[in-house]
Protein chains: 2
Amino acid sequence: MERSVRDSSRKRVTIKEVAGAAGVSTQTISRVVNGRADVAPHTRQHVQQIIESLGYQPSKIARSLIQGQSHSLGIVTFGISYYGPSQVLQGIQETAVAQGYSLMLTILPDAEIYNARQLMREMLAYHVDGILWAAPEIGQNRDGIQQELPHLSVPIAFLSAQPRPHQMTAVIDNRLGGRLATRHLIEQGRQHIGLITGPISWWEARQRELGWREELAAHGRDVDESFIAFGDWSAGSGERCLRMLLEWRPEIDAVFVSNDQMALGALKTARQLGRRVPEDLAVIGFDDIPEAAYFYPALTTIRQDTAELGRVGARQLITMIENPEPNGAEPLCLPPALVVRESTISG
Amino acid sequence: MERSVRDSSRKRVTIKEVAGAAGVSTQTISRVVNGRADVAPHTRQHVQQIIESLGYQPSKIARSLIQGQSHSLGIVTFGISYYGPSQVLQGIQETAVAQGYSLMLTILPDAEIYNARQLMREMLAYHVDGILWAAPEIGQNRDGIQQELPHLSVPIAFLSAQPRPHQMTAVIDNRLGGRLATRHLIEQGRQHIGLITGPISWWEARQRELGWREELAAHGRDVDESFIAFGDWSAGSGERCLRMLLEWRPEIDAVFVSNDQMALGALKTARQLGRRVPEDLAVIGFDDIPEAAYFYPALTTIRQDTAELGRVGARQLITMIENPEPNGAEPLCLPPALVVRESTISG
DNA sequence: CGATTTTCCGTTAACGATAACATTTTAGCA
DNA sequence: TGCTAAAATGTTATCGTTAACGGAAAATCG
């Protein structure tokens, strides 16, 4: 009766078996594994040899049970098929690995509706040392979390969410991004600057919008609500929004679009309506996804370093885990940058 | 000396404290938590009340220690800022949550160079119940894993990798995708069909190429190696590849591009060289990323349901975990589908 | 050379939970 | 009412590891 390759009768090698094979106590094995000083050189060598030959790997969960820390982080994220969130996750992973932490991942199926209490309990059941909340702040979706905070037994950090007192937060300066984008359009001599925003329930979308308003105001332009259209981040919505916008306000000669996907849709509409970009209509996006440089025309946009956001967020959280200060929760804010390409430069 | 909100002196509530508060043994608490029958109704109710009021959450790691299963899966992935891999991950998460599993995530920084042994040990140290290897097969990068397999104490499943005997694998039928794409171009009356492939070290790229070859051969066309250019999946490489291809072979009137990003780059080159798409040059991609429909012109492409790939992969793995059959490793193969848009249809 | 320190290693208990078994209480029935 | 079976609960051992302590052997020293 031949067994297949995947014969899982093989069991985990435990510290006891190693101890038995080496003829010493488990404590000595533990000491060798953890590189402690009080082991005789030749004993250490012998034990190491046994460990190697048996392929012993200490159990992190047994260890975490007694030491009270698991060296793992609970990550809550959303929308990883978008470039930004996926980069954030990548950044988190980089820092985590570098600092010796593993990740327990939860991807929310819906960023607005979830059971924060349940979610956090789930992660705590695995004894994560901290929680990194990397899902966007939308509508009132933060309320449920806030309620849990007082009961939470580990540090938590928030990414891409509105900073709150005594809470660790790292964000991209979306407001600044909105201002940079709008300023650039103004500097190009554009007179009527529309806005295609993401859902206003998203905090980040509102911040970008705010930047647009502020910059217009700073240049003495008045802001008319009919210059705004509300998309849902998808290219399709960008297409529809620009169509509506140009119908209401044919004089529009520039749009700030709140992400690159919607900008792509807008470019398509412009083409269909016979508006030349950038001559008749300047288009600027937000994100700088890798494809943006290959759009037609190449998209001017606001670059945000989302990978760095993930890195600093994880770094902050780990710092908080390893030396908990009473209130060391300085909010971090990363500046975005203008990337000029063809879609806003005529002539 | 005021302490901040994040005062983590709060500790985990243990089963002992619950037992103490309820005036029963820990075993009774355990029985209630696990919904076992042999608890008197009123005791159960009482205990449940205490649990609720104390906010008790049983420790999954203590449980996993004694029961030998953690209800967690180890996921190894790569390149999640690409649409496909991120969707796979999403699909895995969906199935995992539905079946009560949590995810330990590892994102490889490099898909070719890694220490498989170290990686697997790391995951096993957390007692994952199974491993889902969702990183692509590139060059000889599978060798290291194969070596570890005999020592591995948990089931492992592979996604997007070449099926091997007695190993659980789920893939998209890339070869079929290549054939569908090429067939479509032939049916459109194209005579000289080029190929822009991904790195041939990638198994998936080779399969797509194979489909292209087979379909050409099936129609009696001969395959000339000078009709092939080698990209790196990026839009920039697509741009360069098409330029080279048209230099070598100006008669080319269609290209099958092995992913949508490179196709985007190819569209740009065509525009710059004054080749009209689709009239002078038909372009077909692979993946069907959400933006493809908004390219200019809208991209005909091969859709692959990567989320479903993640779902079935996770499902298979969990099945294997929960009722280990000696050799129930039927490779799964998901068919892709042709999505016709503007970039291949002239007139 | 005996006393003291240092080095090395072992023993016991504990982390938080459950399995397996043991015991008590209650119910069922003649 | 007494006896047995069933139901409800408690006890002890265990998972794999480390903390805390203790003890023996070797090294140091006057």
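Chain letters run A, B, ... following the sequence lines, proteins first and then strands; every chain starts at 1.
- Between A:Ala37 and B:Arg63, the residue anchored nearer the 5' end of DNA chain C, judged by the nucleotide with its closest heavy atom, is A:Ala37.
- When the shell of 6.0 Å around CD of B:Gln146 is examined, it contains more than 12 heavy atoms from other residues, nucleotides or ligands.
- Listed nucleotides D:dT17, D:dT9, C:dT11 differ in distance to B:Thr28; the shortest reach to its side chain belongs to D:dT9.
- Within 4.0 Å (heavy atoms only), A:Thr43 reaches sugar-phosphate atoms of the nucleic acid but no base atom.
- The phosphate of C:dA19 (OP1 or OP2) has a side-chain N or O of B:Gln67 nearer than 4.0 angstrom.
- The side chain of A:Arg31 lies closest to C:dG10 when the candidates are D:dT11, D:dA8, C:dG10.
- In this structure, B:Ser59 does not reach the C:dG16 phosphate: none of its side-chain N or O atoms is under 4.0 Å from OP1 or OP2.
- A:Val39 comes within 4.0 angstrom of sugar-phosphate atoms only, judged by non-hydrogen atoms across all strands, and of no base.
- Among the protein residues, B:Lys16 comes within range of the sugar-phosphate backbone only, with heavy atoms under 4.0 Å from sugar or phosphate atoms but none that close to a base.
- At the heavy-atom level, B:Val24 lies under 4.0 Å from the strands shown only through sugar-phosphate atoms.
- Taking the centre and axis of the six-membered ring of B:Phe158, the NZ or CZ atom of B:Arg142 falls inside the cone set by 45° and 6.0 Å.
- Here D:dT18 is the nucleotide among C:dT11, D:dT18, C:dA17 with the atom lying nearest to any side-chain atom of A:Asn34.
- Residue A:Ser30 places its side chain closer to D:dT18 than to any other of D:dT18, C:dC9, D:dA8.
- Once rounded to the nearest 0.5 Å, the distance linking CD of A:Glu148 with CG of A:Leu119 reads 10.0 Å.
- Of the candidates D:dG16, C:dA19, D:dT18, C:dA19 carries the atom nearest the B:Arg36 side chain, counting heavy atoms from C-beta on.
- The side chain of B:Asp38 lies closest to D:dT9, out of C:dG16, D:dG10, D:dT9.
- For B:Pro41 and B:Ala62, each mapped to the nucleotide of DNA chain D holding its nearest heavy atom, the one lying further toward the 5' end belongs to B:Pro41.
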